[in-house]
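The structure appears right after this line, and notes come after that.
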Amino acid sequence: MKRRSIATQLMRKVFILYCVVALVVTSIHIYEELKYTQRAIENELRSYEMIFGQVLGKSLWDLELEQIESVLDAMIEVPIIEGVRLVDLHGNPVSKIGNMQTLNAKETFSNGIYYTFPIAYEYLGERRELGFATLFSNNQVIFKRVEIGFLFLIVNAVLKGIALWCIFLFFSHRILTKPLEALTDSVDDIEFDKLKAIPAPLSVEKHNEIDVLKASFSSMIDKLIDARDKLLHFNRELEYKVQERTQSLLQSKNDAERALKFKSDFLACMSHEIRTPMNGVLGMMGLLEKSSLDERQQHQLSVAMSSAKSLLAIINDILDLSKLESGKMELEAMDFDLHTFHQEVFACLALKANKKSLELVVNTINVKHANVKGDQVRLRQILNNIIDNAVKFTEAGEVVVTVSTESFGEEIRYCCQVRDTGIGIPKESIDELFQSYTQVDASTTRKFGGTGLGLAITYKLANEMGGDISVLSEEGVGSSFDINVKMMSPQSDENMAFEVDLSDRCIVIIDDNESSRSIMAEHISSLGAIVHEAFCIEEADSIIKTLQNQVRSICNMVLIKRHLGHDDGLEYGIQLHKQWPDIKLILMTSMLDDGSELFYKAAGFSATFTKPIIAQELSIVLHLVTYGCDEIKHLDENPPPYSSSYNANIPNNEKYKILLVEDNLINQQVVLGLLESLQNTEVVTAENGREALDCLEKSAPNDPFHLILMDCMMPEMDGYEATQLIRNGGVSGELNHYTNIHIIALTANSLEGDRERCLEVGMSDYMSKPLDAEILEEKILSALKK
Amino acid sequence: MYYHRAFLLLFVLIPMICNGAINQHEPIKIILNNWTSQIVLSQVTGELLASQGFKVEFVDSSVSDQWGGLAHGILHLQMEVWEGTMSDKFNHMVNTGRVVDAGTHSAKTREEWWYPSYVEKVCPGLPDWKALGRCAALFSRNGSQGKGVYIAGPWEKPDAARIRALNLNFTTLAVKKGDDLWVQLKAAVESQMPIVLFNWTPNWVESRYDGKFIEFPKYAPECETDPAWGVNSKFVYDCGNPKDGWLKKAVWAQFEKKWPCAFTIVKKISLSNNQIAEAAAYVDVDGLSHTEAAKRWMLNNRSIWQSWLAASCTK
């Protein structure tokens, strides 16, 4: 940092003050000069009344405008006159000359000076006033007159300032700066480590403040030497203590890290050790369920299965929470179809709701993205948990789920509001709602069950996904959970938005649930249709009859909910079809309805769908019913939920051979039991990787294996090593024809990195134990189709 | 109800009555100039207006100041506006809307250089102006250094400019009063001395002396503004005054509104050359005062002025 001398600072302040004073004095002087000049010019203007008044009077008497203008021309030649204005007695302008701004100066007097005098003519011995002349001057005239004087004043002030500066600078340098520089040079030479090397105190020549300062400085150096010695001693002691503490802390850190590693290993081990027997228990109970049991045994088995599933859910929750709390939860980033995702999630939850006579209403009108990139498993977990809770804590009414997406550059914000009409949450409990092992009160646990981990996991998951969950609730009225998480734009977005045009169509919706009805109405209106809503058959009947009797507006389509309180929508639909066969009917059923497509078709319904339906699927249904199948472009890629179910059989009726590599005999039995339901399959078992390689090597070329189910943790050769060898074609190329075989890993580990490790060594897919029969079947079928 | 109507009637009538009274009592100021016919005929007009109940006041004014007086409403009526000498000012004032043209007399006017007939004997070629140029020396007088002398009236005229433009070896001698012209003429006639002087028609002179106007190049408006026009391409005024000029009456712009009946009378007044000359002769020849001359003129021309009143409005 540049050093500034005291003299310079002093000079600067004095000079600035001097400049201010000089500026004020000069300004006052200039102002007075200006005022004086202004008065002088005013007096001069008055004198021109005598010169021009008479001739102007005669000209105005004769109304000789040309003559008046000649006089004004002469007047404007006077240096101080910038403009002249002549008006008659009534103020009407007669003539004017000069700069227009100057002439307007009368209105803004501060800009100029003016003088007005009457114009008169003596006739028949009488002086007769004919008008008024105003002579204008302006500040420019004044400035011109005083500019030399001003210049002199300013030069004078500047010269005085410069002289003062030079004189002050000279003396301040001599008296102040020079001795002080000598002192500071001495100070600069001082080094803390060489304090004793300083020679005798600085010389003292005169007795002013600076000399006193020098003496004090010498004394201070002596004191510093003492202080330095003490400080050095203290530093050495401190350094020793710090080393001692550092060692201790390092030890603690290593201990903590070891403990953390033990904890992770323990969790992995526990996960594996608990899941393996659980897999066995659940698998065996699944097999037992398919055997012939009497009613009592079936009941006991179902209780045992329910308990085992609950235990597994608790284990999974604890594991999830443990991962989240240790920050080791890894999220997937895969593209997935949002519409299919919603169908799957809401269909499952709707069933639960319907069983409690609740209606799950879904609003996906504002879902603007067909595909997103993110972790759909975790998003499903969040939605399942919140909506499941809403259903669980609601005894009557509805659960309304409103979903929307919005883009922010590459980021997509996924928002979901879940509103229920349940028991609500007391205010004092809302803050603790998302804490682990917390429920509203003990009675809640007794009545509704649960570990209290669900909301904590959900909350932490939402945070992990770059989002948040908030809640508003009123006890006895209901709750509203707002979830928002961050998704990314998909790498490829092949699902183009399907555009449906229902312009000029008239559609009637009959639904006793107001939320559901208004959401559907809003969506259908947005497609261009004219929508009429009815909450019961009586109202609907009145609307439809009115429409049918009108000339211009005819009802084209009616959406009927099957269960309308005490009314039966199905019966009304049949009646409607008989009366107006041209009206197309769509039946909205619940998850608990079991009518067949053929039955509904025979009854006159063009289509049926199960509530809740997402907006995008509703569009397709309406379009199909309105225009027929040919108009749908993407229908094949996204079959609607009411279409026929998928074929669960092995394709082409070929025979397929599966190699199951599993060391645990119970698990072998479980998987074999699960695979029994698959037709045309032959399963060969191997107890470890070595045996698996042998089986593959010995397999006949005309009877090869099509799929391998590979356990990971096995004695002799584990699944990872075996997979790597298979992918490399065996030890010496004997398995070259199996390098591309589909390998599904089966592992009891569900900790972080398991899945990645499996995929890294070359496995095609991954399943965590205990195995889910449906998922396993789906994965096997998918692999065999390829 | 009747009270209300009476009250309203009072409000309507009072201003009307007051207005009439004010107009009736405010004098009509008639301009008197410094030549005889104008003064006598102005007094005749004053008598006529007074006979109709108007208050009349005569105001002496120079010709140059009278226009401002009329324009500013200080003077109200001028009975003789001569084209030759006043057309510029008159037209200017009428164009500004401050003075109103109150009609034209039947008389035709001319103002020009004039000489008695006997001068033709010594200066052949007259009345052509070129002859005047040739015999300029005949009109010289003591002190004129051989140049012919033109006797001009007291009114401002462009005679000097004409002399220069037509290259006449003349100089002008302006008399102080209009009557002095006739003194000069009488003296010249008595001694048969060549004289050329300012004269006009209608004037009493033509009834008592035989003479003619000099015929200068014919007048055109460009003559006064465009030097290239006429016989001399370097100067303006290389022409004579207009012949057969009009003689108009002029009033203040508010005259008609203020005294509508008087305006009708003034508009009706129309005098011939003889009638004007007669009025002037009563003073300049017979020696009557202006007032006496006016009375005699009215006595001798009763039928004429009665016709002006007959068609006029009544009080």
Side-chain angles (χ1 to χ4, degrees), chain A residues 48-76 81 83-98 100 103 106 115-135, chain B residues 26-34 38-39 42 46 55-78 81-82 85-101 155-156 158 221 224-225 236 250-255 257:
Chain A
Y48 287 108
E49 177 184 358
M50 300 297 293
I51 299 168
F52 294 106
Q54 209 167 357
V55 65
L56 276 176
K58 171 63 178 162
S59 304
L60 198 55
W61 175 259
D62 288 339
L63 300 178
E64 287 289 355
L65 271 180
E66 282 180 19
Q67 203 171 336
I68 289 169
E69 282 165 8
S70 303
V71 176
L72 296 193
D73 284 340
M75 291 171 86
I76 202 75
I81 296 178
V84 184
R85 185 164 59 188
L86 207 62
V87 296
D88 65 15
L89 282 176
H90 307 293
N92 301 318
V94 175
S95 184
K96 62 185 174 183
I97 192 164
M100 288 311 289
L103 296 185
K106 192 172 177 181
Y115 174 66
T116 301
F117 59 89
I119 303 292
Y121 184 68
E122 192 168 323
Y123 181 61
L124 302 177
E126 192 180 330
R127 180 181 158 84
R128 298 171 193 276
E129 281 198 0
L130 304 171
F132 297 95
T134 305
L135 310 181
Chain B
E26 189 177 346
I28 297 170
K29 293 182 182 173
I30 300 172
I31 299 169
L32 295 182
N33 293 129
N34 55 354
Q38 196 274 346
I39 297 169
S42 295
K55 197 172 176 183
V56 174
E57 192 177 310
F58 296 100
V59 180
D60 291 316
S61 174
S62 66
V63 170
S64 63
D65 278 349
Q66 73 181 5
W67 301 111
L70 279 171
H72 297 288
I74 296 161
L75 305 175
H76 304 138
L77 174 61
Q78 165 61 276
V81 180
W82 290 62
T85 50
M86 301 182 209
S87 63
D88 288 349
K89 279 279 188 186
F90 174 75
N91 289 333
H92 170 67
M93 286 294 175
V94 170
N95 289 337
T96 59
R98 304 291 285 268
V99 170
V100 170
D101 181 349
W155 309 285
E156 193 180 333
E224 294 180 352
T225 54
V236 292
V251 294
W252 173 44
Q254 301 299 317
F255 190 98
K257 190 179 168 191

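Residue numbering restarts at 1 for every chain, and letters A, B, ... go by the order of the sequence lines.
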Subject >> Proximal component of L130(A), with respect to chain B [non-hydrogen, under 4.5 Å] >> reply: side chain

**OP:** Quick one: list whatever passes ring-ring contact (aromatic ring centres under 6.0 Å, His included) with F58(B), sequence neighbours left out.
**Re:** none

**OP:** Examine whether an atom of L70(B) lies under 4.5 Å from a heavy atom of chain A, and if so say whether it belongs to the side chain, the backbone or both; otherwise answer neither.
**Re:** neither

Distance-only donor-acceptor pairs under 3.5 Å across chain B and chain A:
unit_1	atom_1	unit_2	atom_2	d
S61(B)	OG	Y123(A)	OH	2.8
D65(B)	O	W61(A)	NE1	3.1
D65(B)	OD1	K58(A)	NZ	3.1
D65(B)	OD1	Y121(A)	OH	2.8
D65(B)	OD2	Y121(A)	OH	3.4
H72(B)	NE2	L60(A)	O	3.3
H72(B)	NE2	W61(A)	O	3.1
K89(B)	NZ	E64(A)	OE2	2.8
H92(B)	NE2	L63(A)	O	2.7

